[in-house]
Number of protein chains: 2
Amino acid sequence: MMIVPTLRQLEYFVAVIDHGAFHSAAKACGVSQPGLSAQLQELERQLGVVLVERARPKVLPTEAGAALLERARALLLGAQDLTEAARTHARPFTGPLRLGVIPTVAPYLLPSAVPALRNAHPDLRLFIHEDETDRLLEQLERGHMDLLLLSLDAQLGDVARLAVFDDAFQLAVPTDHCLARRKWVRESEIAGEALLLLEDGHCLRDQVLDLCHATGASESTDFRASSLGTLVQMVAGGEGITLLPSMSIEIEGRHANLATIPFRRPAPARTIGLAWRKTSPRGAEFEALAPLFRPPKRQPR
Amino acid sequence: MMIVPTLRQLEYFVAVIDHGAFHSAAKACGVSQPGLSAQLQELERQLGVVLVERARPKVLPTEAGAALLERARALLLGAQDLTEAARTHARPFTGPLRLGVIPTVAPYLLPSAVPALRNAHPDLRLFIHEDETDRLLEQLERGHMDLLLLSLDAQLGDVARLAVFDDAFQLAVPTDHCLARRKWVRESEIAGEALLLLEDGHCLRDQVLDLCHATGASESTDFRASSLGTLVQMVAGGEGITLLPSMSIEIEGRHANLATIPFRRPAPARTIGLAWRKTSPRGAEFEALAPLFRPPKRQPR
DNA sequence: AACGATCATCATCAGAGGTTATGGAATCAA
DNA sequence: TTGATTCCATAACCTCTGATGATGATCGTT
């Protein structure tokens, strides 16, 4: 069996489509434009099909090119996985670990988790990327991320996942709110309230919104916060109430005019966990890393 | 992203494992032994892992090698599929078509189907391989077969499939059997009978055996035929009775001392159909070919 | 001990794949 | 229209990969 395309040719092909231009694709691949051009031509010659239409503002895949693009991507990803499988086998817990974390988890969990990771596995080169669930998942599928730390309550699609811990919600109200002095509240007690929520794209927003529908609460209109920090500022300013994940309270809850009240059990919660591509060669590693992402033990009072 | 292994290196690696020796693997790949040896060393150097243990009588994969072997196979298969996708896109219904057919179908359907195929698509280069279901499926998964023509009643696993037609069973008895003059029989009437069956491995055997259990018939011990032809000889010789698929009767049924009796509807039947790898780029082609595998119309009497 | 089989090494060479410089076509601004 | 600009293809040249055949080293067998 003679192998027809080379991985290098496929890499160039994918790069050209992704960049929409030869010269920038060439730069991204670390080669000169003529070099890339020649390889792509050779690929097209060998396959007997024109893959990219050299249109003016932007090169576009032909029909055939579009049909082969995903196969090419899958092959390149498979090659990457193979090398990673080799390294993992030779020396586990080494090499790059591209970790994606959602914005409503990163600032609260990473300060403890990152040192723990570095300490337990000093040869792991950690790259952290913070983004919303959907974009993280796309990056994961494309092989630009290795591991995600996020809420497993969101729609994750066909990925391997492992729950790490549950993160209960608490009610956050201004100190002059009628519930501010309560030791706990029932879920049903937020019925009729209008909650301040995060802006679109945050999985936390979607989950709390679902909770609103289930309990008879609603979303406070006119304003959506871009972070939990902003949200807390607004609650403390008397603009409304909201739900905060417990992990955020130690940091976000230190605010005059803000009271946080736990829910009575069973409290509504999100499940924080890890996700990775099912075909990732490092699944076993990731499972072993999971405990390091648990929140640090609070001092018993 | 620098691509670490080349497809050629992976091809050599897989060949060495499959052949158990460098020199024969090299011959199979069409290169000299030192060439292959060097590439494999380079692969091992780049991956930082020894992949094959140069044991004396036979080289064996190391633990790491075994772990990477399936990934390597998948990549090579993916590359093959990609080229095929390109050719299919450029000129559908051309190139090699490696068709696997089970032994209880091949002699009855191929005499009409093969000319029909050649006629409809003269640029299709047909390679036909006859074998039992399990082995065909393995060849299919490995990429050594493109398309299978078989009974969809067997366990096929995770493959794409398309039913082409139903092939009803008929009862075959010696002419001196009490049922020999009947125009039809009921399924329940074979209860208590002992049927002659094919030897192990034929899906037809398994299916008829299931039918026996369902109807209260049993298998005639002491003898298992290696083909339907043999089976018919034994029935005609008065050794017992059996079930024959309708498609075989025009050929196998021409025998003195043999009577074939249809079952009353709904007659027990097998479903003949096509199967291919889900990732095959030629699925659409195969679906278009399906009608050519229908049995030829019988002349109405 | 000698032999045969098998994989590694060596010296060598063709060509695949890269580079820079340049050409030509399309786009855009004036 | 014209000139400037952008972008891909081509050309000439170079480097080093990946092949070859011959030979060496090692191990199991006779």
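Chain identifiers are assigned alphabetically (A, B, ...) following the order of the sequence lines, protein sequences preceding nucleic acid strands; residue numbering begins at 1 within each chain. Because the structure is a prediction, the values reported are computed rather than measured. Computed from heavy atoms alone, side chains included, the values below leave out hydrogens, waters and symmetry copies.
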Throw together a table of side-chain donor-acceptor distances under 3.5 angstrom for residues 44-51 of chain B, partners on residues two or more places apart or in other chains.
| from | atom 1 | to | atom 2 | distance (Å) |
| --- | --- | --- | --- | --- |
| B:E44 | OE1 | B:R54 | NH1 | 3.2 |
| B:E44 | OE1 | B:R54 | NH2 | 3.2 |
| B:E44 | OE2 | B:L51 | N | 2.7 |
| B:E44 | OE2 | B:V52 | N | 3.2 |
| B:E44 | OE2 | B:R54 | NH1 | 3.0 |
| B:R45 | NE | B:E42 | OE1 | 3.3 |
| B:R45 | NH2 | B:E42 | OE2 | 3.0 |
| B:Q46 | NE2 | B:E42 | OE2 | 3.1 |

For residues 114-126 of chain A, which side-chain donor-acceptor pairs fall under 3.5 Å, sequence neighbours excluded?
none

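Protein atom CD of B:E53 is 13 Å distant from nucleotide atom P of C:dC7, rounded to whole Å. One interatomic measurement links the two molecules: CG of B:L60 to P of C:dC7, which rounds to 11 Å at whole-angstrom precision. Whole-Å rounding puts the A:K27 NZ to D:dC7 C1' distance at 13 Å. Between the C1' atom of C:dA5 and the NZ atom of B:K58 lies a distance of 15 Å, rounded to the nearest Å. Look at CD on B:E11: it is 13 Å from P on D:dG18, rounded to the nearest Å.
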Distances under 3.5 Å between nitrogen or oxygen atoms of protein and nucleotides 11-14 of chain C:
none

Set out, line by line, the N/O atom pairs under 3.5 Å between protein and nucleotides 28-30 of chain D.
none

Between the protein and nucleotides 16-20 of chain C, list the N/O to N/O atom pairs that are separated by less than 3.5 angstrom.
| from | atom 1 | to | atom 2 | distance (Å) |
| --- | --- | --- | --- | --- |
| C:dG17 | O3' | A:R8 | NH1 | 3.4 |
| C:dG18 | OP1 | A:R8 | NE | 3.4 |
| C:dG18 | OP1 | A:R8 | NH1 | 3.4 |
| C:dG18 | OP1 | A:Y12 | OH | 2.9 |
| C:dG18 | OP2 | A:Q39 | NE2 | 3.4 |
| C:dT19 | OP2 | A:S32 | N | 2.6 |
| C:dT19 | OP2 | A:S32 | OG | 2.5 |

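Taking side-chain N and O atoms only, A:R54 has a distance below 4.0 Å to OP1 or OP2 of D:dA9.
To the nearest 0.5 angstrom, B:T6 atom OG1 is 11.0 Å from B:L75 atom CG. Atoms CG and CZ, from A:L274 and A:F293 in turn, are 5.5 Å apart once rounded to the nearest 0.5 Å. The CG atom of A:L77 sits 8.5 Å away from the NE2 atom of A:H144 when rounded to the nearest 0.5 Å. Atom CZ of B:F127 sits about 10.0 Å away from atom CE of B:M145, to the nearest 0.5 Å. Of the inter-residue distances, the one linking A:L82 atom CG with B:L68 atom CG reads 5.0 Å to the nearest 0.5 angstrom.
For residues 13-24 of chain A, proximity to DNA chain C is found at no residue, defined as any non-hydrogen atom under 4.0 angstrom from a strand atom.
Of all non-hydrogen atoms in B:H89 and B:P92, the two that sit nearest each other are O-CD, 4.3 Å. The minimum heavy-atom distance between B:R98 and B:G143, with the atom names listed, is NH2-O, 3.1 Å.
Using a cutoff of 4.0 Å between basic side-chain nitrogens and carboxylate oxygens, A:R73 and A:E70 are scored as salt-bridged.
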